[in-house]
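In what follows, chains are A, B, ... by sequence order, proteins preceding strands, each numbered from 1. As the structure is a prediction and not an experimental result, all values here were calculated from the model.
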Protein chains: 2
Amino acid sequence: MTTATARRTPADKHDERRRALADSALRTLGELGYARASLREIANNSEFSHGVVHYYFHDKLDLIVYCVRQYKATCVHRYDGVVAEASTADGLVAAFADKLVETIVDEAPMHRLWYDLRSQSMFEESLREAVLQIDQTLEDMVWRVVATYAELAGRPAAMTPHVAYGLLDGLFQQALLGHLCAREGVLDDLRAQVHRLMPVLLGAPALSDPG
Amino acid sequence: MTTATARRTPADKHDERRRALADSALRTLGELGYARASLREIANNSEFSHGVVHYYFHDKLDLIVYCVRQYKATCVHRYDGVVAEASTADGLVAAFADKLVETIVDEAPMHRLWYDLRSQSMFEESLREAVLQIDQTLEDMVWRVVATYAELAGRPAAMTPHVAYGLLDGLFQQALLGHLCAREGVLDDLRAQVHRLMPVLLGAPALSDPG
DNA sequence: CCGTTTCCTTGACGACTGTCAAGACTTTCT
DNA sequence: AGAAAGTCTTGACAGTCGTCAAGGAAACGG
């Protein structure tokens, strides 16, 4: 009845189911990738049957886009703690680098799925809007780190958010591939690379702060 | 046979056909991507019928790997001219940046295919060996540019080949996606980004060359 | 010239795909 | 309790896929 108690409207339950289905789908997608994850396989790895997908989603693509949007929401604040707790520039870099490594270790399937989808969006126009949106959000996320780093270091950022994201994303993607290939040392390499890269993202110290 | 005239051994003709088929397949793959390019579609866009694929290739995957290897061979020397003709550090950077932009304009389908395959290799182990090999070749290609740039500038390179490739690849990939989305200015942005990035790949000037 | 080898087409196979409709089961409301 | 709405399963559909075998066409050697 949508009274003041507001127990749970049908629409809420509907959305909850969508989220649960998408959550389950994300696991399968992360395991098989965009192309090889069929709706039946996705349903098999969930508590539902394959037909239910078209009750909650219009399309396979509708499901996929909903999934990646949901994934984005859980992923985009991953480094907020790093930013909030940092008190020195070097400490921020160290915590950031550690978190990047941790992300690769803990969430490799989700991130290879992200790169898979971004590549697919180069072919499939219907994916581009969602991909560009997520890309922008990730860029903002990275920029919060870089801007805080610049502030703590007392130096201005020398790169645009777009470039900073592009550079870090390049290194991250390389490390992810290396990690999936079980290459030794890629994670330590990534950590060292971030430590070396971050300073060059900044320019000369501000005049009011002599070095 | 196989006399001194060495007209053309059957094995040569066999290889030539393989190359022709792979060449045609690359066009279709660049248009549709790895997942959606079926053998029938590949054959339709060639002068052959769909059954011939299994005469020249053992597998679909065999064909794909052969294709990407062939693509690598044509692509890996793209910047050699830039390196050979450069006489000043700034001139090299300008020529390199221009060539990167030209690559995106002229060969976008081939490069989105490359990123597609590299993403797929994160899921499909059988693709990894070829992908890692090509990645290494591209890294070498980039490094020839950076090393020459360092030499012309009289300054040592401050990054490893791996990092230099990762950074440039990140920017390139971003620009490619932007270009395919018909975003205005991405190509000019890429040019400017390369101009700004290249100097930070180098360290302090050598002592024997005072600036 | 004929026979053999090489090359390629055609057609079919089983498996898998996204989609959807018919109906059963469950919940909710009156 | 009975009706209605919501939820989910089952089974089937029209395609497409990779693969392969049978056989025709062409090139080649004698």
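- Here the P atom of nucleotide D:dC8 and the CG atom of A:L21 are 9 Å apart, to the nearest Å.
- Taking a 6.0 Å sphere around CD of B:E151, one finds it holds 12 or fewer heavy atoms contributed by other residues, nucleotides or ligands.
- The distance from atom NZ of B:K13 to atom P of D:dA27 is 7 Å, rounded to the nearest whole Å.
- The separation between B:L39 atom CG and C:dT10 atom P is 16 Å, rounded to whole Å.
- OP1 and OP2 of C:dC8 both lie 4.0 Å or more from every side-chain N or O belonging to B:Y55.
- Rounded to a whole Å, the NZ atom of A:K60 is 8 Å from the C1' atom of C:dG18.
- Regarding A:Y56, its OH atom lies at a distance of 12 Å from the P atom of D:dG6, rounded to whole Å.
- By the 4.0 Å N-to-carboxylate-O rule, A:R183 lies too far from A:D189 to be salt-bridged with it.
- Rounded to an integer number of Å, the gap from CD of A:E41 to P of C:dT17 is 8 Å.
- Note: NE2 (B:H14) to P (C:dT5) measures 18 Å, nearest angstrom.
- Regarding contacts with the backbone of D:dT16, every side-chain N or O of B:S38 stays at 4.0 angstrom or more from both OP1 and OP2.
- Nearest nucleotide to the side chain of B:D59, out of C:dC8, D:dT19, C:dT19: D:dT19.
- At a threshold of 4.0 angstrom between heavy atoms, the contacts of A:R40 include nucleobase atoms, whether or not backbone atoms are also involved.
- Put simply, the side chain of B:Q173 never gets that close to the backbone of B:Y115: no donor and acceptor are under 3.5 Å apart.
- Of the possible polar contacts, one joining the B:S24 side chain to the B:N45 backbone as a donor-acceptor pair under 3.5 Å is found.
- Checking B:H50 against B:R17, the closest nucleotide of DNA chain C that is more toward the 5' end is the one next to B:R17.
- Scored by the side chain to side chain donor-acceptor pair (under 3.5 Å) test, B:Q136 finds B:D140 as partners (sequence neighbours excluded).
- Residue-level contact check: A:S49 touches the bases, meaning some heavy atom is under 4.0 Å from a base atom.
- The interatomic distance linking A:H54 (NE2) with D:dT9 (C1') rounds to 15 Å, in whole Å.
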